[in-house]
Number of protein chains: 2
Amino acid sequence: MHAIVPSRLIERKRDGAALSSGEWQAIIQGYVAETIPDYQMAALAMAVVFQGMAEEELAALTEAMLASGKRLDLTGIGKPVVDKHSIGGVGDKTSLLLAPMLAATGLAVPMISGRGLGHTGGTLDKLEAIPGMRTDLSLEEAVAQLRTLGVVMMGQTPEIVPADKRLYALRDVTGTVESIPLISASIMSKKLAEGLDALVLDIKTGSGAFITDPEQSLTLAKTMIAIGESHHCHTVALLTAMDRPLGHACGNALETEEAIMGLSGSGPSDLMEVTYALGVEMLIAAGAERDRPTAQHRLEQVVESGAAKTMLATLIDAQGGAAGVVEDPSLLPRAPRAVPYLAHRGGVVAEIAPRTIGHAIVELGGGRRTTEDEIDPSVGFVLTAKPGDSVHEGQTLGTIHAQDEEGVRIGVAALDEAITILDAGQATPLVTHRVTLEGVERLQC
Amino acid sequence: MHAIVPSRLIERKRDGAALSSGEWQAIIQGYVAETIPDYQMAALAMAVVFQGMAEEELAALTEAMLASGKRLDLTGIGKPVVDKHSIGGVGDKTSLLLAPMLAATGLAVPMISGRGLGHTGGTLDKLEAIPGMRTDLSLEEAVAQLRTLGVVMMGQTPEIVPADKRLYALRDVTGTVESIPLISASIMSKKLAEGLDALVLDIKTGSGAFITDPEQSLTLAKTMIAIGESHHCHTVALLTAMDRPLGHACGNALETEEAIMGLSGSGPSDLMEVTYALGVEMLIAAGAERDRPTAQHRLEQVVESGAAKTMLATLIDAQGGAAGVVEDPSLLPRAPRAVPYLAHRGGVVAEIAPRTIGHAIVELGGGRRTTEDEIDPSVGFVLTAKPGDSVHEGQTLGTIHAQDEEGVRIGVAALDEAITILDAGQATPLVTHRVTLEGVERLQC
C-alpha cells in the first residue's frame, strides 16, 4: 500500500489531476480501514463530481472497490456466467423474467439486486412479494445454488464490495450521488464481484429515468462498458424507454404476477419486447449464440416449453418461497380494493408519466421513503392502456389496487395527473440504442 | 432557525445556486451544534471551492460564523476601534509597530493574531519571544485592558468564532483551504468579532505570498472589503510586495528586535514605508485623520516622541512580559551562533526569495511544520542587503542566527538558494494598490 497524504490527493483531484492506480487503492483501503475519515472521502467525492475521472482512474477505483470484498468463486462451473443490470425504472420486472429464462438456456445467472428507493422499484421487493421467499442468501449459499441450479436472485451480502456500501451511504447524504464515474464504479464493482463473463446493461432514458438527458445516458453506458471490458467482462448496453411504465403492472406483487404471465407466454407486448431484446444481448455477449434470430428463438423456446417457468418455480423453492405462485398467482398478496380507472375523455393516450406512478406507489405504501421503511407489496396499478392507444370516454384504462378508500383516492389523483389524453399521438420506440466498446448503434428513432 | 435538509443544500450549492441567509445560518448553527457532521460540511466546502459564493451569501456566512461566538464589547470606549490584518509573509513585523503606534495616537487597537504556519511567521510567536509575555488573554481580560490601555495583542479565544475554529481545521485536511470566499469569511468573521470601526488589510502579493497571482489578490481584497463594509466596518486594503522579505530580520526574536528599532526611529526603510502606509490608512479609515500628510505626521510624532515605544513597554508589562526589552533588546533570546553571509560575486541583488527564507527558518527550528510544534524563537536571518542594492564580492549580505554548525550550514545553503546577484537589477515598488469599496487605485508600478 502506498503511503499517501489524503489531503494532498484531494487537492490534486480538485485541481483536475488524475490519481494513480496505487493512490486509488490506498484511498479505498484507507476508507474501509477507517484511517481515511468520511469527511475526507466526502470532499474527494465532491471534487470528482466536478472534475470527473479519467478512464484508467475509474478502472483503478472500481478494481480497488472490488478488492475491498469477496467475489463469487464460480471456477469450473462449466457454463458462461451472465447478468443484466438496469439503472432503475417503473414497472420494470425484466429481471424476474430474464434470470429463469437465461438459466433455462443453460447459462449461469448470479443476479444480485437491490431494493426500490425513490420512485423506482427494486427486484428484491418484487421477489419478496412471494410468500416465504428469502433473498438474504450468504455468499456460500449463493455459490452452492449456482452450481446446482445455475441461478440465484439475492441481495448484496456484507462481504461484497464493503467499500461501496459505506461510500454509497456517504454519497447519499453529501450531494455526491450525481456523478457518472461514481455511479459507474458503484454498479460495476458489485456486478464484477459476481464473477461475470458478460453483462448487459439496461440504461433507462426519458422522464422516468434517474438520468433524463439522453447524452448523459450514453456517457453512463460508455463509462460502464469501459470498466467492464477492462475487467474482462464483456459488457453491452441497451438504451430503453422510461418515458412510460414498462408493461402494465406497477407495484411489487402485481409486477411479480405479470412476470409469471410473461413466462407463461402472455406478457404485455412492450414488456416482452424489452425482455427479449435484453435476453438476446445476454446470450450473444456470453458467447452462447452468434446471431440475434437464433438467440431470440432459443429464448422463445424456453418460454413456450415451460422450461423458464419451471426454472422460476425451482428457484423460488430453493430460496424458501411458495413455488405454487407460478401456477396460481392468487397466492400472491392482494390489496382489498381493486377499482377501475376510466378515461375522462376520448382520444389518444399521449403520456403516462412514470415518476408520478412511482411516487404514488410510495404514497400507497408500496415503496420506500427511507431505507428503513417497511413496504406493502400488494398495492399499485395495472395500466392496460399504453401511450399511442386510442381510447373512448369512459373506457377502463387500468385498475388501482389499494388498502382502503383513502388509497383509492390517492390512486385516482395520481392517474389523473399521470395520464394525458390528447386528440392525436403515437407510441415512441422502446429500445433506441445499442452501445458496445466499439460504439453506439441507433436502433429505432 | 430554518428546518433544513443539509444534503439538499449541498446539492443546490453544487449546482451553482446561492443559498439564503437563513440557510447559511442554519448550516453554521447545525455545524457548531454537531447536527451537521464534518462529512457534510466537507462536501459543501468543496462545492464552494468550485462554485464560489454570491456577495450576499458570503455576508450571510460571515454573519452566521460571527454569531457562533462572542464579540469584544467595547461599547462606550469613546475612541475609534481599528485593526489591521495581513494575510501572511516573511519578515512582516508591522503589527508589532502598528498596534502601539495607533494606540499612542489615541485609537483603540484590539489585535487578535495568529501563529506562524508553513513558510510565514505569526505575530503571536514574535510577541512570545519576549520573556514572560502572555498572549492567551481571556475575552474579559482583553476588554479590561482595552478600556485602560487602548491596546491588546493576543491569540484567538475559544469564545471567538468557534465555527471558524472547527471549519478551518476541517478545511485544512480536506483540500478546501484555497477558496477566496471561505478564506474571506474565516478572516473577516474573526476580525469583525473585535467590534471594529475600521480595518486595514495588508494583502501580500508576489512569490512569497499565499496567493501569488495579483488578480487573485485583488479579488480577495475586494471580497473581504465587501464583507467588512456590509458589517459596518470601514475596510480598506493595500497590496504590498512579498517578493522579498520585509525589513532585514526574519525569525521571531530578531523580528521583535527590529520592530523595537522601528519604534525607536531606526527601522529599515522598506519596513517603515509599509508600516507608515498601513498606519496612515488606519488613521483615515477610523476617521481620526482626513488627509495622508497629517496622518503620516501624527504617526511620525508618536515615534519621535517615544510615545509609541512607551506604549509597547506598557503593553508588554500589562501582559506579563519583560518590558525592559524595549530599552535593552539583548534581553531577547539569542542563538549561540551568529555567522556573517558573504556575497559570492559582485553585482546587483536581483532576488531574495521569501519562501526559501521562510522554509529555512522552519528547518532551523524557528517555525512550525504542524500546529503542535514547539519553536525556537532565537534563530533566523538578518539580511541587510535588499533587492536593487549594488554589492561587491565578499560583502556581508546578512547574518545567520543558529543553534549550531548544522544550523549554520542549513542557513548558508538557504541563502545560497534564496539570494540571486546579477549584473544589473532594480528594486520594485513596495505598496502597489489601494483597494476600497469604490475601486482599485494603482499607487506604484
Looking at [options], which makes the most heavy-atom pairs under 4.5 Å with chain A?
options	value
B:Thr176, B:Asp172, B:Val173	B:Val173
B:Ala45, B:Ala47, B:Ala43	B:Ala43
B:Gln51, B:Glu11, B:Met41, B:Gln40	B:Gln40

Could you tell me which non-hydrogen atom of B:Thr174 sits nearest to which non-hydrogen atom of A:Ile10, and how far apart they are?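 B:Thr174 and A:Ile10 have their closest heavy atoms at O-CG2, 3.3 Å.
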
Do B:Arg14 and A:Phe50 come within less than 4.5 Å of each other through their side chains, counting heavy atoms only?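 In contact.
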
Tell me if the centroids of the rings in A:Tyr39 and B:Tyr39 come within less than 6.0 Å of each other.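 Not under 6.0 Å, so no.
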
Non-hydrogen atoms of chain B under 4.5 Å away: do they reach the side chain of A:Leu170, the backbone, both or neither?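 Just the side chain, heavy atoms under 4.5 Å.
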
